[in-house]
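Structure first, then comments.
By convention here, the first residue in the shown sequence is residue 1. It should be emphasised that the depicted structure is a prediction, and the values quoted were computed from it without experimental measurement.
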Amino acid sequence: MKYYYQPLKFERNGDQLVITNKNYFAALTGELVITQSGKRTATEICVPPRESVSVKTNDGDLKAECFVNGREIARAQFVSKKASANFTPVKITSEYNGHALNIAAGKNKYVLDMRSGEIESVVAGGAVFGRIKFNLWRAPTDNDMHIKHKWYARFLKHAVPQVRRYCVTDTAVEFDIVVAADGLLPVLKAKLLYTFDVESVRIAIDYEQTDTSKFEFLPRIGFVLKLCSSFDKIKYAAYGEAETYCDMYEYAFKDEYESRVADMYHRYIKPQESGSHFLPDYAELSDGISTVRAEGMRSFSVLPYSADMLESAMHDHELPPVDGTYLSADYHMSGLGTNSCGHLPQEKYRTPSKGSGAITFRFGRKESGDGE
């Protein structure tokens, strides 16, 4: 809300930054600080009411902040879309073992569950990682207080993927899945396509919601990976440093941040979904030896608690002891809205009923010269 009430409006027009004073009667005099490529440049500006001034800037990403008497009164950021990290599919070898499909690709080994279409385990760099679970659920927020009852009635919390068809080639594994709670009609159908490079796996999805009559939107669509609690350090490039969502991010700057996992959780009185970050370029966790990096998602969170732990606790002090680090990488995460006292999120901020995307999980080891 603070972002929309700020008295200045910033626009980019070629190499010009156009600053408009939204006040009707008062001129605005202050210090404009522009940050580009790590360099901060301060300039005094005076913008008459309802008029604009222009400042020449360089090409590339830009942060603009305006201060009056040392207090920030307005900000904006202009970022370009970053190129995707290199991903070169490699040939795979596969072997069936009951309900499991063992895959060797590059440096890593994977076990895929032929019943759910999920990755059951990964062996990479001498480390073993557990299931990468398909996920539609989030611990209901205060603003989910009404729609959560529709989610419960449709048993979204218990909806799991079930394979209907699969195909294995020398470079990929494809699953046709439906997502449903036991004994109920599916809420979603999707194609999952797994491709592999030397150190990573990419999971592409093409999905469609099959039941849109019982609730307005899904909480999220993505994957969650539980890691050992020793993965307690996170580095990421996204809107931050505080939590951000698709309908609550303009106040934040997109940048590279580092944090402890424990500090990524926001301690609300009633535990709930928190700590997500919108439009990340990547998120990388480390235990000092191994790394797990996710790319391609529209939102992610890294928390010391699972969604079930957060939902089950009535108060913050009732949360159970930390038993791991939970990385959620989402194709889509619905916005928060204001439905505790107002409206549901606007349609453009809801998880689409039909869509596609691709998330890459990279498994590696820290180089000997990397700092902590």
Side-chain angles (χ1 to χ4, degrees), residues 81-95 97 100-113 117-135 168-175 192-205 222-238 256-258 261 277 280-302 324-331 357-372:
K81 186 175 181 179
K82 301 298 186 292
S84 301
N86 185 48
F87 185 92
T88 304
V90 297
K91 288 191 174 183
I92 64 175
T93 59
S94 59
E95 180 183 3
N97 182 15
L101 177 65
N102 298 323
I103 298 289
K107 299 179 181 180
N108 301 342
K109 295 181 179 179
Y110 306 85
V111 177
L112 272 63
D113 188 332
E118 299 167 317
I119 292 178
E120 192 172 288
S121 65
V122 181
V123 178
V128 180
F129 303 94
R131 182 178 288 269
I132 302 177
K133 295 178 62 177
F134 192 83
N135 184 37
V168 181
T169 69
D170 60 355
T171 58
V173 181
E174 183 180 77
F175 294 100
L192 297 178
L193 179 66
Y194 291 86
T195 51
F196 307 83
D197 77 355
V198 175
E199 292 185 326
S200 59
V201 55
R202 176 169 290 173
I203 312 173
I205 192 172
F223 289 93
V224 59
L225 169 61
K226 180 183 178 182
L227 300 166
C228 295
S229 55
S230 57
F231 281 84
D232 59 354
K233 299 176 181 65
I234 173 74
K235 181 178 180 180
Y236 62 96
E256 283 195 318
Y257 300 96
E258 294 187 45
V261 169
H277 291 276
D281 295 329
Y282 73 89
E284 183 174 287
L285 283 153
S286 173
D287 64 353
I289 301 173
S290 299
T291 61
V292 178
R293 181 182 176 106
E295 302 163 353
M297 55 278 188
R298 286 178 54 83
S299 177
F300 87 94
S301 67
V302 173
T325 293
Y326 295 85
L327 166 61
S328 295
D330 298 309
Y331 299 108
I359 295 174
T360 301
F361 292 93
R362 298 184 183 274
F363 303 90
R365 294 178 69 84
K366 290 188 72 69
E367 299 294 335
S368 58
D370 288 352
E372 283 299 309

Can you give me the closest heavy-atom contact between G117 and L192, atom names plus distance? O-CD1, 3.8 Å
Side chain to side chain contact (heavy atoms under 4.5 Å, CB included) between F87 and R362, intermediate numbers included: CA-CA 10 Å; F87 185 92; R362 298 184 183 274; 4.2 Å; yes
Identify the two heavy atoms, one from R131 and one from E118, that lie closest to each other, and give their separation to 0.1 Å. NH1-OE1, 2.7 Å
Between the main-chain N or O of I234 and the side-chain N or O of Y257, is there a donor-acceptor pair closer than 3.5 Å? no
Summary of salt bridge (Lys or Arg N to Asp or Glu O under 4.0 Å) pairs that have at least one residue in residues 101-110, sequence neighbours excluded: K107-E199
Rounded to the nearest 0.5 Å, how far apart are CD1 of I132 and NZ of K226? 15.0 Å
Mind running side chain to side chain contact (heavy atoms under 4.5 Å, CB included) on F363 and V201 for me, showing each step along the way? CA-CA 9 Å; F363 303 90; V201 55; 4.3 Å; yes
Take V261 and F231 through the test side chain to side chain contact (heavy atoms under 4.5 Å, CB included) and record every step on the way to the result. CA-CA 8 Å; V261 169; F231 281 84; over 6 Å; no
For E256 and A237, which heavy atoms make the closest approach, and how far apart are they? CG-CB, 3.9 Å
For the CG atom of D113 and the OG atom of S121, what is their distance to the nearest 0.5 Å? 10.0 Å
Nearest heavy-atom contact between G288 and S286 is N-OG, 2.9 Å
To the closest 0.5 Å, what do you measure between CG (N86) and OG1 (T360)? 10.5 Å
Run the ring-centre check on F134 versus F223 and record whether the distance is less than 6.0 Å. yes
First locate atom CD1 of I103, then atom CD of E95, and finally report the distance between them rounded to the nearest 0.5 Å. 10.0 Å
Note, E258 side chain near K233 side chain (heavy atom, < 4.5 Å): no
Is the count of non-hydrogen atoms from other residues, nucleotides or ligands lying under 6.0 Å from K91 atom NZ greater than 12? no
Any donor-acceptor N/O pair, N97 side chain to A100 backbone, under 3.5 Å: no
Taking all heavy atoms of L225 and all of G130, pick out the closest pair and write down the distance. CD1-O, 3.5 Å
Note: A105 and F196 closest approach over all heavy atoms is CB-CB, 3.5 Å
For the CZ atom of F175 and the CG atom of L193, what is their distance to the nearest 0.5 Å? 10.5 Å
What's the spacing between Y282 OH and K82 NZ if we round to 0.5 Å? 11.5 Å
Run the side chain to side chain contact (heavy atoms under 4.5 Å, CB included) check on D330 and R298 step by step: do they pass? CA-CA 6 Å; D330 298 309; R298 286 178 54 83; over 6 Å; no
Would you call D197 and R202 a salt bridge, taking side-chain N to carboxylate O under 4.0 Å as the test? no
Do F300 and P280 touch side chain to side chain, with heavy atoms closer than 4.5 Å? yes
Close side-chain approach of T171 to T195, heavy-atom, < 4.5 Å: no
Does the side chain of I92 come within less than 4.5 Å of Y110's, by heavy atoms? no
